[in-house]
Amino acid sequence: MDRPRASGPVGHHGSVDSAGGPAAPYLTGLRLTGRRVVVVGGGHVATRRVPRLIEAGARVCVVAPGVSPWIARAAAADELVWQQRAFRPGDLEGAWYVLAATDDPPTNRAVSAEAEDRRVFCVRADRADEATAWTPATGEVDGVQVAVLAGRRPREAARVRDLLVGVLARLRRRAA
Ligand SMILES: C[C@@]1(CC(=O)O)C2=NC(=C\c3[nH]c(c(CCC(=O)O)c3CC(=O)O)Cc3[nH]c(c(CC(=O)O)c3CCC(=O)O)/C=C3\N/C(=C\2)[C@@H](CCC(=O)O)[C@]3(C)CC(=O)O)/[C@H]1CCC(=O)O
Ligand SMILES: NC(=O)c1ccc[n+]([C@@H]2O[C@H](COP(=O)([O-])OP(=O)(O)OC[C@H]3O[C@@H](n4cnc5c(N)ncnc54)[C@H](O)[C@@H]3O)[C@@H](O)[C@H]2O)c1
């Protein structure tokens, strides 16, 4: 079947074409309620991402010898499970989504290899080119969610997210 054509500068699929570049990720919305998500590593990057997984209702398991105070508190409050040890093969059993976010590249590589074997999508914090998923910059205004990927330019993604959230909030206030 032919691909549907874009009409005008912004196609009906919402993209301004950058023909010839590497394929862009397929943006989607994971519905994680009650589903196991394994986060390997419990430092700065994991601590930025885990709250959103919990908000989405995921059953989060953090595997790391040491974690941030926020993750330790969330574990104590039963908001997540913390396995206080290094990653071991088999830890991804039953996972729907995986984050490899340690500061040890061989461990991140082992996590992403196990995820690949199990065909589970996996973010890899240190090597986006070897990951099967990327984390967008996100925001929300009155039930409208915004997610921005900027082609491995996280600061640009966060800047555009802030702009969009600002515009949405202004539109909301004007409509009220
Ligand atoms: C948007 C955001 C969402 C979030 O994380 O929640 C996000 N990174 C954020 C922050 C941030 N990232 C980095 C720093 C420290 C340096 C700096 O300041 O520049 C900081 C700031 C900080 O940590 O404070 C460095 C970095 N990032 C990546 C690599 C590896 C690589 O590119 O290979 C390295 C080098 C690591 C190294 O040195 O080894 C990779 C990715 N980072 C992504 C997302 C994915 C898609 C991005 C896109 O398409 O635009 C992608 C591709 C994959 C992924 O990781 O999912 C969040 C802003 C959230 C917000 O502000 O709300
Ligand atoms: N993608 C991004 O947005 C982004 C941003 C900053 C840094 N990074 C990259 O991500 C990596 C992690 O960054 P960070 O700032 O969160 O590091 P961090 O030092 O704050 O945390 C590292 C965590 O990994 C854990 N860990 C180490 N070895 C482990 C093992 N074998 N098994 C399980 N857990 C293990 C530690 O206990 C700790 O919890 C960095 O090395 C950097 O390459 C990515």
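Nothing here was measured: the structure is a model prediction, and the numbers come from that model. Order of appearance sets the numbers: ligands from 1, and atoms from 1 within every ligand.
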Checklist entry - Who's closest to atom 16 (O) of ligand 2 heavy-atom-wise, of Asp91, Val39, Val45, Val62? => result Val45
Checklist outcome for this item: Check: of Ala137, Cys122, Ala125, Ala100, min heavy-atom distance to atom 29 (C) of ligand 1 comes from Ala125
Specify the protein heavy atom at minimum distance from [atom]: its residue, its atom name, and the distance to 0.1 Å.
| atom | result |
| --- | --- |
| atom 2 (C) of ligand 2 | Arg49 NH2, 3.6 Å |
| atom 3 (O) of ligand 2 | Arg48 NH2, 2.9 Å |
| atom 45 (C) of ligand 1 | Thr135 O, 3.5 Å |
| atom 25 (C) of ligand 1 | Pro154 CG, 4.3 Å |
| atom 1 (N) of ligand 2 | Ala125 O, 3.1 Å |
| atom 30 (C) of ligand 2 | Thr107 CG2, 3.8 Å |
| atom 24 (O) of ligand 2 | Thr102 CA, 3.3 Å |

Next on the checklist: Test your reading of the structure: does Asp129 have an N or O sitting under 3.5 Å from an N or O of ligand 1?
Outcome noted: no
Checklist entry - Less than 3.5 Å between some nitrogen or oxygen of Arg155 and one of ligand 1, yes or no? => result yes
Which ligand 2 atoms are under 4.0 Å away from a heavy-atom of [X]?
| X | result |
| --- | --- |
| Asp126 | 43 (O) |
| Asp103 | 19 (O), 22 (C), 24 (O), 27 (C), 41 (O) |
| Gly42 | 23 (C), 38 (C), 39 (O) |
| Val40 | 33 (C) |
| Val63 | 33 (C), 34 (N) |

Checklist entry - Any N or O of Ala46 that comes nearer than 3.5 Å to an N or O of ligand 2? => result no
Checklist entry - Does His44, backbone or side chain, put an N or O under 3.5 Å from an N or O of ligand 2? => result yes
Next on the checklist: For Arg161, state whether at least one heavy atom is located under 4.0 Å from any atom of ligand 1.
Outcome noted: yes
Checklist entry - So does Glu156 pair up with Arg159, basic N to acidic O under 4.0 Å? => result yes
Next on the checklist: As an exercise, identify every atom of ligand 1 less than 4.0 angstrom from a heavy atom of Arg127.
Outcome noted: 33 (O)
Checklist entry - Would you say Gly66 contacts ligand 2, with heavy atoms under 4.0 Å as the rule? => result yes
Item to check | Any protein heavy atom nearer than 4.0 Å to atom 15 (C) of ligand 1 | outcome: no
